[in-house]
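Ligands are counted one by one from 1 in listed order, and the atoms in each one are counted from 1 as well. Scope of the values below: all heavy atoms of this structure, side chains included, with no hydrogens, waters or symmetry mates. FYI, the numbering just counts along the sequence from 1.
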Amino acid sequence: MALAGTDAGNHELNETLTRLEQLEKNYNILKENVFHGQQISQLGSWTYDIKRDEMYRSDGMYNILGCKPEELIISFESYYMHVHPDDVEKVKQADKAAREGRESDMEYRIVTPEGEIRYVHEITKIIFDEKGCPAKIVGIIQNITERKLLEEALEFRRKHDELTGLPNREYFTEHINRLCENSLSISDPRPFAVMMLDLDEFKRINNLLGFTIGDLMITQISARLVDYLGETAFISRYSGDRFAIILERFDSLEHCSNIARGILSLFDRTFKLGLYELDAAVSLGVSIFPNDGKTPEELLNNADMALLRAKNEGGKRVKFYSRDISRENLRLYSLRKDLLSSIEKNQLRVYYQPVVSLMTGEILAVEALVRWQHPVWGLVSPGEFIYLAEETGYIIPMGKWLLREVCKSYKSWLDEGLPRIKVSVNYSAVQFFENNFVDNIKAIIDEYGLDYHFLIIEITESILLQRTEKTVADINRLQTLGIRLAVDDFGTGFSSLSYLGAFDIDILKIDGSFIRNVTSGQANEVIIKSIINMASELNILLVAEGIETAEQHRHMEKLNCYAGQGYLFARPMPEGDFKALLSRGGSIPLRKSG
Ligand code: C2E
Ligand code: CA
Ligand code: CA
């Protein structure tokens, strides 16, 4: 063994010192690494010696707590001061478990001295003594605030509608599920109301003015609802133009009904959407827990039925669910469902109603009108199912089917040498704004090798008010092909006639409501006269719709209206009947009263 003082001894001492220095250096590097490592991964650690009641906390731990070591009382219990009040119990339980030898893994919140809330994830491990008793608790804690906030943001997104920020359908479903569950678990639950709110004719706005305007409208409606109902209701955007609302706080059915009517009156004010000022109306269907249903499905279903009823009665109204409603709606439900297979099951028919010269009774054209021969409900009129077809998009295949039928019939009339009249076909906005609208029509007529000139397309003026590039281009193309353009239901929709100058309209069909009152009021007559003057200046042919009496006929003729259509001349009829009528000379004997 080398001794101190000797050369060899000195040498050895130096070596030992160098080694020690090296070790200390290594230790410091390691310590620093742990410190930085903890900082980077936002980790902290602590060790509690149970027997000695000694607490050690790493620098990372202080970082997470947002305070300096000297600011913290180093005791086990003092820690709870830093924990979010709502989470203290949870942490205490875990500590108790740890002292009893059970490890834990949990998340909770810390509140920094500045009041900032931090989420942490903590894992505790137990070190046991030789007798198997817990001796030390070691805790690793990580600041997971960023991750938590991201999760919360994602969760918010998952549960909310992007456009309005309202709870979405998924969140609504969760909410109503929980509400039903809770209510059923108590003996005398409070009633709550489920309200289904749907915009009347929203599809029309969307199709007419585009989705941007539609979206603006939805946003403004949502703001009005939130403003009116505030915190008293759970308002969600259930789907496109449908809002589902849960109302928990009302004193009586009457109170609830007042609130529902208040919602309707939110729509008394017009909506300012960019350049447009639009009116909107809604219908509301309401069901009440527990009378109208105890499960979310029943409640939603019944609110839906009430809504359907409200719409069917003309919209702009509130309907509370009742058993009668479900009976009335049975028909509507089955129609909606059955419609989708009506073509395939060969249930659709085309009826034809002549358009005649008011002077001579000669058949100038014929309007093709769709009918539905339903196995249970009989012949259903388009008034009942066109809007269902528009809503479901079925109007597109239906329209193509109808045009094919028309072409088939028209070809057979030509083959039999019948008079070359024109045929009018109705197109609603959903059909008109379909991509390739013109190409599709052209292709179908081509299938039958017909000349395009026989066709008249009837659209409503609302389509023309949207003077988009596509509308202008499509109408130009139609007319270049030789297809005529008729404006249907003229006078009922918009008072603006600006489109008359922009498009080269061939035919105006004056709505039946004018004709019906033509013999009674002065005002109507003035309007009709000016329509007739304007039409003759613009070289537009006029057709008076809905002529039912000889008096109306005479009157319209006197006003120089060119053509007419109505029950007086002929009701819409099956193809066979119409063909027979055509083959008898193509003219309807006029019964003009004196
Ligand atoms: P519309 O285009 O205004 O068609 C005229 C409607 O008035 C027809 O009702 C016709 O039967 C009815 N009508 C004819 N003469 C008289 C009369 O003298 N008095 C009265 N009170 N009514 C008369 P319909 O066939 O029930 O059609 C209703 C609506 O359904 C049509 O109104 C049209 O907008 C739509 N429609 C019918 N077929 C089609 C179709 O194939 N496609 C599209 N998109 N819509 C259609
Ligand atoms: Ca029509
Ligand atoms: Ca019409």
Would you mind running through ligand 1 and noting each atom that sits below 4.0 Å from a heavy atom of Q431?
44 (N)
For E416, I'd like to know if atom CD has over 12 heavy atoms of other residues, nucleotides or ligands within 6.0 Å.
yes
Mark up the atoms of ligand 1 that fall under 4.0 Å of a heavy atom belonging to E545, in ascending order.
3 (O)
Is there any N or O on V370 that sits under 3.5 Å from an N or O of ligand 1?
yes
Is T173 close to P296 at the side-chain level, that is, under 4.5 Å between some pair of heavy atoms?
no
Ligand 1 contacted by E367 (non-hydrogen, < 4.0 Å):
yes
Are any of the side-chain heavy atoms of I288 and Y321 separated by less than 4.5 Å?
no
Tell me if the aromatic rings of W413 and F454 count as close, with their centers under 6.0 Å from one another.
no
Are D446 and Y452 close enough that a side-chain donor and a side-chain acceptor fall under 3.5 Å?
yes
Under 3.5 Å between some N or O of ligand 1 and some N or O of Y567?
yes
My question is simple, although I want it checked carefully: is atom 34 (O) of ligand 1 less than 4.0 angstrom from any protein heavy atom?
no
Whether P572 lies under 4.0 Å from ligand 1, heavy atom
yes
I'd like to know if atom 24 (P) of ligand 1 has any protein heavy atom within a distance of less than 4.0 Å.
yes
Counting heavy atoms only, which of N426, I547, L568 is nearest atom 42 (N) of ligand 1?
N426
When you measure from the centre of the six-membered ring of F172, is the NZ or CZ of R169 under 6.0 Å away and within 45° of the axis?
no
Electrostatic pair R554:E557 at N-O distance under 4.0 angstrom:
no
With backbone taken as N, CA, C and O and side chain as the heavy atoms from C-beta onward, which portion of M398 lies under 4.0 Å from ligand 1: side chain, backbone, both, or neither?
neither
Can you check whether Y562 reaches V543 side chain to side chain, under 4.5 Å on heavy atoms?
no
For a distance under 3.0 Å, tell me if E367 has an N/O/S atom near the Ca ion (ligand 2).
yes
Residue pair T219 / S222, side-chain donor-acceptor N/O under 3.5 Å
no
Where is the nearest protein heavy atom to atom 6 (C) of ligand 1: which residue, which atom, and how far?
L369 CD2, 4.8 Å
Under 3.0 Å: N/O/S of S424 next to the Ca ion (ligand 2)
no
I'd like to check which ligand 1 atoms, numbered from 1 as shown, lie under 4.0 Å from a non-hydrogen atom of G546.
16 (C), 17 (C), 18 (O)
Any nitrogen or oxygen of Y427, side chain or backbone, less than 3.5 Å from one on ligand 1?
no
Give a yes/no verdict on a cation-pi contact between R224 and F271, requiring under 6.0 Å between NZ or CZ and the six-membered ring centre and an angle within 45° of the axis.
yes
Return the option from L402, I386, V380 holding the heavy atom at the smallest distance from atom 41 (O) of ligand 1.
L402
Interfacing atoms of ligand 1 (cut-off 4.0 Å, heavy-atom, D489)
3 (O)
Could you list which atoms of ligand 1 come closer than 4.0 Å to a heavy atom of P382?
24 (P), 25 (O), 26 (O), 27 (O), 28 (C), 30 (O), 37 (C)
Side-chain contact test, heavy atoms from C-beta onward, threshold under 4.5 Å: evaluate it for Y387 versus N312 and give yes or no.
yes
Validation row: F578, I363 side chains within 4.5 angstrom (heavy atoms):
yes
Any side-chain heavy atom of Y427 sitting closer than 4.5 Å to one from E458?
no
Sub-4.0 Å heavy-atom contact, G399 with ligand 1
no
Tell me, which N, O or S atom in E458 is closest to the Ca ion (ligand 2)?
OE1
Looking at D439 and R477, is there a salt bridge between them, counting it only when a charged N and a carboxylate O are closer than 4.0 Å?
yes
Relative to the Ca ion (ligand 3), which of the N, O or S atoms in D489 is the closest?
OD1
Paired with I483, the side chain to side chain contact (heavy atoms under 4.5 Å, CB included) test is passed by just one of I456, I457, V425, namely I457
Protein heavy atoms: any of them under 4.0 Å from atom 9 (O) of ligand 1?
no
Would one find an N or O of D488, backbone or side chain, under 3.5 Å from an N or O of ligand 1?
yes
So, D511 and the Ca ion (ligand 3): N/O/S under 3.0 Å, yes or no?
no
For the residue pair Q479 and D506, confirm or rule out a side-chain donor-acceptor distance under 3.5 Å.
yes
Closest non-hydrogen protein atom to atom 21 (N) of ligand 1, residue and atom name please, with distance?
E548 OE2, 3.0 Å
Kindly identify the option in Q565, Q353, R371 whose heavy atom sits closest to atom 15 (N) of ligand 1.
Q353
Do you know which N/O/S atom name in D488 is closest to the Ca ion (ligand 3)?
OD1
